[in-house]
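Following: one structure in structure tokens, then a few remarks.
Predicted model only: the values in this text are computed from it and were never measured.
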Amino acid sequence: MVDSIGDKVLVREFDDGRDIEVVGKLEKNCEIGSNNKGTSIFTNMMGDPLCRIRFYPLHLMLVAELRENGELVGVIRGCIKLVGTKFGGTHVKLGCVLGLRVSPRHRRMGVGLKLVRAMEEWLINNGAHYTFLATEKNNVASTNLFTAKCNYRNLSSLVIFVQPISFAMEGLSQDIKVEKLNIDQAISLYDNKLRGKDIYLTDIDAILKEKLSLGTWVSYFKQDEWIGLHSKEKNEDIISTSPRSWAMFSIWNSCEAYKIHIKKSHPLKFFHETLSHARDKIFPCLKIPICDSLEKPFGFLFLYGLHGEGERLGEVIKSAWSFASRLAENVKACKVIITELGVSDPLMEHVPHESSKSRIDDLWYLKKVNGSINDEDDLGIMGELGNVVVDPRDF
């Protein structure tokens with residue numbers, strides 16, 4: 001830190017009418033990725049800086065401005081959600097820290113730290129048991145800020161997989177059927193299957209009903225009839241009638257929330273750079289030709305709620321990817337398919353290893369801030385958790 005500006009900065013709540021244009025310019029100046037060949041990447045929030053936290057009942061955006069002249073030099077977002085764990089019956093309140101941005105001219109001066117501490121205070125005052133954030137494994141600056149100065153510890157290691165739809169995968173197997181579930185079937189399956197995860201979302205029903213959730217599908221072999229899916233009996237048990245090998249997945253249309261914008265100053269044949277995504281400095285490696293179409297803002301579909309079972313799991317998971325890629329072709333401005341899995345998720349070994357698919361290591365960090373959680377439910381003493389459900393709303 002070269003010169004702390006401490007009391008010279010005021011942290012206050014984001015004011016839509018007063019700050020929206022300024023925040024947009026700040027986001028544009030704060031590249032989330034760049035390389036040494038003239039290519040820069042930033043997020044396009046499409047006029048809605050709250051797009052990644054708006055889906056949560058409890059959410060907040062803070063800005064940092066210089067007292068001297070009112071210049072806005074930093075932003076941060078936060079929200080609170082309930083999660084469950086397989087270790088106990090108590091749901092915990094997770095206070096999520098998202099979208100930290102500091103003006104390039106005011107970095108290493110304590111602005112980021114002041115924003116984080118202000119957001120943590122709000123999260124604690126609203127009952128969060130833990131504060132939580134995510135960052136790219138190789139993002140040394142963020143790691144130092146959160147671990148050395150803010151006392152976070154590693155909660156989980158994950159991998160983000162990215163498949164550009166311009167690199168066509170093999171078509172759907174003629175032996176495999178992909179069927180869309182109705183909302184009640186999807187909720188029933190998820191309520192049963194996700195509770196075996198180290199951490200799962202307690203409001204999966206609300207997520208599935210959001211307008212950005214395009215639906216939930218199952219993939220299974222045609223030779224195995226899934227009787228419960230087509231029964232006219234409302235209470236038919238679709239779980240006990242599941243086929244020998246099957247997978248389920250949901251798709252979130254991030255194209256409607258925000259987009260990625262790549263700019264280059266000179267021709268570049270391929271861009272293969274680790275990006276810090278908007279989810280807090282994490283966006284995956286893109287093996288995509290830098291052409292005119294990609295100089296326009298583009299979006300992605302996010303596969304979430306992935307679960308599968310059976311000896312031929314790899315084949316039905318591959319069909320899920322193929323189906324999503326085909327669906328993405330009909331989504332305006334969509335260029336890639338993305339999913340994220342914990343390192344010990346059983347599906348990790350079944351993700352198709354296409355040459356065009358990129359991956360990036362992601363880290364989740366946690367800090368206990370409220371002592372009311374029982375020891376048996378304490379995420380802070382359970383070690384690293386590698387089989388978790390990723391929330392599409394704040395990816």
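Aromatic ring pairs are classed by plane angle as parallel below 30°, tilted from 30° to 60° and perpendicular above 60°; the pair Tyr304 and Phe302 is parallel. Using cut-offs of 30° and 60° on the angle between ring planes, the pair Trp226 and Trp246 is perpendicular.
Side-chain contact between Met61 and Pro49 is present, with heavy atoms from C-beta onward closer than 4.5 Å. Annotation: side chain of Phe249 is in contact with side chain of Val178 (closest heavy-atom distance under 4.5 Å). In this structure, Asn370 and Ile124 have side chains that are not in contact, with every pair of non-hydrogen atoms separated by 4.5 Å or more. A heavy-atom distance below 4.5 Å is not found between the side chains of Leu194 and Leu201.
Qualifying side-chain hydrogen bond (donor to acceptor under 3.5 Å, both in side chains) partners for Glu384, counting only residues two or more places apart in sequence or in other chains: Ser157. Shown here are the side-chain hydrogen bond (donor to acceptor under 3.5 Å, both in side chains) partners of Asp175, two or more places apart in sequence or in another chain: there are none.
Residues Arg54 and Glu256 are not paired through a salt bridge, judged by the lack of any N-O separation under 4.0 Å between the basic side chain and the carboxylate. Using a 4.0 Å cut-off between charged nitrogen and carboxylate oxygen, Lys86 and Asp198 count as a salt-bridge pair. Asp394 has a carboxylate O that lies under 4.0 Å from a charged side-chain N of Lys81, or vice versa, which qualifies the two as a salt bridge.
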Please evaluate residues Tyr365 and Thr143 with respect to the criterion side chain to side chain contact (heavy atoms under 4.5 Å, CB included), reporting the C-alpha separation (whole Å), side-chain torsions for both, the decisive distance (0.1 Å), and the verdict. CA-CA 9 Å; Tyr365 288 98; Thr143 299; 3.5 Å; yes
Please report the C-alpha distance between Leu82 and Asp203 in whole Å, then the side-chain angles of each, then the deciding distance to 0.1 Å, and finally whether the side chain to side chain contact (heavy atoms under 4.5 Å, CB included) criterion is met. CA-CA 8 Å; Leu82 278 177; Asp203 61 344; over 6 Å; no
Start with the C-alpha distance between Tyr152 and Leu363, add both sets of side-chain angles, then the distance that settles side chain to side chain contact (heavy atoms under 4.5 Å, CB included), and finish with yes or no. CA-CA 11 Å; Tyr152 283 81; Leu363 291 176; over 6 Å; no
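Tyr190 and Ser250 form a side-chain donor-acceptor contact under 3.5 Å, judged by distance and modelled atom types alone.
Of all the heavy atoms in Leu229 and Ile238, the pair that sits closest is N-CG2, 4.0 Å.
The 12-atom threshold is exceeded at CZ of Arg12, counting heavy atoms of other residues, nucleotides or ligands nearer than 6.0 Å. At most 12 heavy atoms of other shown residues, nucleotides or ligands fall within 6.0 angstrom of atom NZ in Lys25.
Rounded to the nearest 0.5 Å, atoms CE (Met348) and CG (Leu158) are 9.0 Å apart.
Contacts classified as salt bridge (Lys or Arg N to Asp or Glu O under 4.0 Å) and involving residues 307-316 (residues at least two apart or in different chains) are given here: Lys193-Glu309, Arg312-Glu315.
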